[in-house]
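Reading through the structure tokens given below for one structure.
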Amino acid sequence: MQDNLSLYYIFYTVASTGSISHSSRDLYISQPAISKAIQKLERNLDTILFNRNSRGVTLTPDGELLFEKVKAALLLLDEGESSIRHNRSRAIPKLRLGASSTLSKYVLLSHLKEYIDRFPHVRITISCQSTYQTLQLLDEEKIDLGLIGRPQKLRGYFFQPLLQIQDTFVCTEQYLQNQKKLYPDESLLQTATFMMLDDDNITRQTVNTQLKEHRIELSHILEVTTMDLLIQFAEIGLGIACVIRDFVEKELKEGTLIEVPVGFLFPRREIGFVCRQKDTESSLIAPFFHNAADIDFS
């Protein structure tokens with residue numbers, strides 16, 4: 001039987017394709033070599049496995065019987081290989097992270113660099129979504145650690161504050177001057193285009209709450225999907241963008257953008273890492289809680 005192992009695979013391929021020429025291309029073996037292999041297997045088993053005709057080959061009754069057995073054996077071998085690969089992959093530590101695209105870029109990257117330097121053997125995956133979706137993924141145990149803006153209610157999780165951020169409105173100096181020229185006697189809140197994240201975003205919800213508390217209504221709102229787009233749209237003079245001040249300090253210093261006063265200052269709010277209570281002592285997660293690095297937004 002040991003001598004027949006390679007012959008069985010050739011037999012299986014020919015039986016599956018019904019063609020020696022097709023099998024030749026699949027196996028990278030010449031057609032005469034395949035024919036000789038089939039003939040040898042037939043001699044070893046003292047039977048005829050294929051009926052030959054101008055269209056190709058078909059299995060004889062003995063061929064059909066052997067095909068089913070060889071097919072089952074090859075499936076078992078494939079399962080064995082898959083099991084070995086699975087066991088090997090299970091041995092590799094994995095860390096599943098969740099964060100918004102904004103926090104991934106401006107906050108998570110610096111922490112990841114330090115983490116990867118210390119733990120290069122850990123396989124890291126990152127999913128980008130809102131704070132509420134990140135918490136849902138934690139609930140469903142589809143991620144291990146999240147980076148979020150702290151919501152008002154946070155039960156059943158361990159939250160490690162990392163830094164405080166502050167919202168603000170920014171635009172170009174030219175946009176502000178144009179608004180004053182076009183509408184000299186009207187309030188900027190009523191004439192300007194205010195660009196904000198969509199309503200499902202925790203930043204937008206926080207800003208909405210503050211505007212409502214100060215009885216401020218914006219007449220023209222343009223919703224934008226990401227913080228980066230808000231900043232870029234503000235830079236080209238499309239309108240006044242509601243952004244996280246810490247993420248535009250460079251633009252403010254250079255004068256590319258200026259802050260727009262709206263009558264009050266937004267309170268600072270917390271950004272931090274969050275995980276399920278039961279996972280706080282995980283060796284993969286703990287370094288994020290105990291080794292918070294300073295963040296440089298410049």
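Not measured: the values here are computed from a predicted model.
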Just by distance, no angles: are the side chains of Q205 and N201 close enough, under 3.5 Å, to form a donor-acceptor pair?
no
D26 and T13: side-chain donor and acceptor closer than 3.5 Å?
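No - no donor-acceptor pair under 3.5 Å links their side chains.
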Tell me who clusters with [X], hydrophobic residues only, linked when side chains sit under 4.5 Å apart either directly or through other members.
X: L75; value: none
X: I202; value: Y132
X: L265; value: none

Can you name the nearest heavy-atom pair linking [X] to [Y], along with the distance?
X: I285; Y: D144; answer: CD1-O, 3.5 Å
X: T134; Y: G146; answer: CG2-CA, 3.8 Å
X: L137; Y: S127; answer: CD1-OG, 3.8 Å
X: Q31; Y: S21; answer: NE2-CB, 3.6 Å
X: L147; Y: I271; answer: CD1-CG2, 3.8 Å
X: M227; Y: C242; answer: SD-O, 4.3 Å

Between [X] (side chain) and [Y] (backbone), is there a donor-acceptor pair under 3.5 Å?
X: R150; Y: G272; value: no
X: R96; Y: T125; value: no
X: Q232; Y: L230; value: no
X: E259; Y: T168; value: no
X: Q190; Y: S187; value: no
X: S19; Y: G56; value: no
X: S100; Y: S130; value: no
X: Y115; Y: L284; value: yes
X: T280; Y: Q277; value: yes

Report yes if some heavy atom in the side chain of [X] is under 4.5 Å from a heavy atom in the side chain of [Y]; otherwise report no.
X: L162; Y: H111; result: yes
X: L163; Y: V107; result: yes
X: L145; Y: V274; result: no

Take I244 and Q166 through the side-chain contact (heavy atoms from CB on, under 4.5 Å) test and state the conclusion after the steps.
CA-CA 6 Å; I244 295 173; Q166 185 178 34; over 6 Å; no
For atom CG of N53, decide whether the heavy atoms of other residues, nucleotides or ligands shown that lie under 6.0 angstrom number more than 12.
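Count over threshold, so yes.
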Above 12 or not: heavy atoms from other molecules or residues under 6.0 Å from CD of E213?
yes
Steps toward side-chain contact (heavy atoms from CB on, under 4.5 Å) verdict (T172, I236):
CA-CA 8 Å; T172 62; I236 65 172; over 6 Å; no
Sidechain N-carboxylate O distance under 4.0 Å for [X], [Y]:
X: K278; Y: E141; value: yes
X: D246; Y: R268; value: yes
X: E42; Y: K36; value: no

side-chain hydrogen bond (donor to acceptor under 3.5 Å, both in side chains) against [X], all qualifying residues, sequence neighbours excluded:
X: T58; value: none
X: D139; value: Y157
X: R204; value: D199, N208, E223
X: T17; value: S23

Could you list all the ring-ring contact (aromatic ring centres under 6.0 Å, His included) pairs where at least one residue sits in [range], not counting sequence neighbours?
range: residues 29-49; result: none
range: residues 172-219; result: F169-F194, H214-F264
range: residues 215-234; result: none
range: residues 51-73; result: Y12-F67

Value rounded to 0.5 Å, distance of [atom1] in [X] from [atom2] in [Y]:
X: I126; Y: I143; atom1: CD1; atom2: CD1; answer: 11.0 Å
X: D198; Y: M196; atom1: CG; atom2: CE; answer: 10.5 Å
X: Q210; Y: R269; atom1: CD; atom2: CZ; answer: 10.0 Å
X: C128; Y: Q133; atom1: SG; atom2: CD; answer: 11.0 Å
X: T193; Y: I221; atom1: OG1; atom2: CD1; answer: 10.5 Å

Intermediate values then yes/no, salt bridge (charged side-chain N to carboxylate O under 4.0 Å, His left out), D167 and R245
CA-CA 6 Å; D167 302 296; R245 191 185 193 282; over 6 Å; no
Does the ring centre of F50 sit less than 6.0 Å away from the ring centre of F11?
yes
Aromatic centroids of F159 and F273 separated by under 6.0 Å
no
Carefully, step by step, assess E186 and T191 under the rule side chain to side chain donor-acceptor pair (under 3.5 Å).
CA-CA 7 Å; E186 298 184 55; T191 61; over 6 Å; no
Indicate if [X] and [Y] have the same hydrophobic cluster label, given that clusters are the connected sets of ILVMFWY residues with side-chain heavy-atom separations under 4.5 angstrom.
X: I258; Y: L238; answer: no
X: V170; Y: L222; answer: yes
X: V260; Y: V207; answer: yes
X: I34; Y: L66; answer: yes
X: M195; Y: F266; answer: no

Go through the steps to decide whether E173 and Q177 satisfy the test side-chain contact (heavy atoms from CB on, under 4.5 Å), and finish with yes or no.
CA-CA 6 Å; E173 177 71 36; Q177 291 179 5; 3.2 Å; yes
Partners passing salt bridge (Lys or Arg N to Asp or Glu O under 4.0 Å) against E235 (at least two apart in sequence or in another chain)
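Scan of E235 (salt bridge (Lys or Arg N to Asp or Glu O under 4.0 Å), adjacent residues dropped) gives none.
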Under the side-chain contact (heavy atoms from CB on, under 4.5 Å) rule, what do D78 and L74 come out as? Steps first, then yes or no, please.
CA-CA 6 Å; D78 186 60; L74 291 176; over 6 Å; no
